[in-house]
Participant: 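Just dropping this structure here.
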Amino acid sequence: MGLLSFFKSGNYFDKGMTPKCDYCQNGKRARDGNKVLCEKRGLVDCSYSCSKFIYSPLKRIPVKQLNFVGSLADEDIYIESAGDRAERERQQAEAEKEIQKKAEAREAALKKQEEEDAAEEAAEAAKAAETEKTAEDPDVAEPQEKSAENAEGENSAASQE
């Protein structure tokens with residue numbers, strides 16, 4: 001009763017494991033991957049099993065890989081060098097400068113827009129003041145009416161000739 005007898009019993013991984021020719025000691029996987037060439041039965045399907053099944057744990061491909069809690073990933077092992085730190089800091093500084101430039105450009109655009117709005121409001125206020133002044137002072141309104149009457153008179157005189 002040696003070490004191999006432990007594997008032959010079929011109890012190495014799971015007692016309720018179903019036998020398959022895919023991981024039998026008597027079979028070899030065919031080139032197409034879906035068939036097994038069995039020494040006892042010939043060419044059979046991977047999931048087929050016979051009474052001559054002898055479990056070979058080296059042929060079994062585990063369905064699920066285990067994730068060990070507390071294992072180190074490649075990222076955890078990496079140690080940052082001084083050159084890497086300097087490069088990262090330089091990139092961060094460039095990114096901050098770019099953000100600052102964008103903020104200044106936005107502020108300049110807002111100031112320009114506010115100045116344009118203020119100029120438009122001043123122009124509208126000046127027009128409103130001018131229309132109030134002309135409405136209050138009839139002498140200023142009359143020359144405009146006279147000039148309109150003169151223009152009509154000239155047009156009618158030109159048409160009569």
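In this chain, numbering begins with 1 at the start of the sequence shown.
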Participant: Looking at every non-hydrogen atom in both residues, tell me the closest pair between N34 and D45 and how far apart they are.
Facilitator: O-OD1, 3.3 Å

Participant: According to side-chain hydrogen bond (donor to acceptor under 3.5 Å, both in side chains), who are the partners of D32, at least two apart in sequence or on a separate chain?
Facilitator: none

Participant: Do R85 and R88 have side chains that get closer than 4.5 Å, going by heavy atoms?
Facilitator: yes

Participant: If you look at every heavy atom in G27 and V36, which pair is closest and at what distance?
Facilitator: CA-CG1, 3.8 Å

Participant: If we count only N and O atoms by modelled type, under 3.5 Å, do the side chains of E87 and Q91 hold a donor and an acceptor together?
Facilitator: yes

Participant: Please check if atom CZ in R31 has more than 12 non-hydrogen atoms from other residues, nucleotides or ligands closer than 6.0 Å.
Facilitator: no

Participant: Q113 and side-chain contact (heavy atoms from CB on, under 4.5 Å): which single residue from K111, E115, E116 fits?
Facilitator: E116

Participant: How many angstroms lie between atom CG of D22 and atom OG of S49, to the nearest 0.5 angstrom?
Facilitator: 11.5 Å

Participant: Please round to the nearest 0.5 Å and tell me the distance separating atom NZ of K40 and atom SG of C21.
Facilitator: 12.0 Å

Participant: Mind listing the closest non-hydrogen atom pair of K52 and C24 along with its distance?
Facilitator: O-SG, 4.4 Å

Participant: Any side-chain heavy atom of K20 sitting closer than 4.5 Å to one from T18?
Facilitator: yes

Participant: Can you tell me how far CD of Q100 sits from CD of E104, rounded to the nearest 0.5 angstrom?
Facilitator: 4.5 Å

Participant: Among all residues two or more places apart in sequence or in another chain, which pass the side-chain hydrogen bond (donor to acceptor under 3.5 Å, both in side chains) test with N26?
Facilitator: none

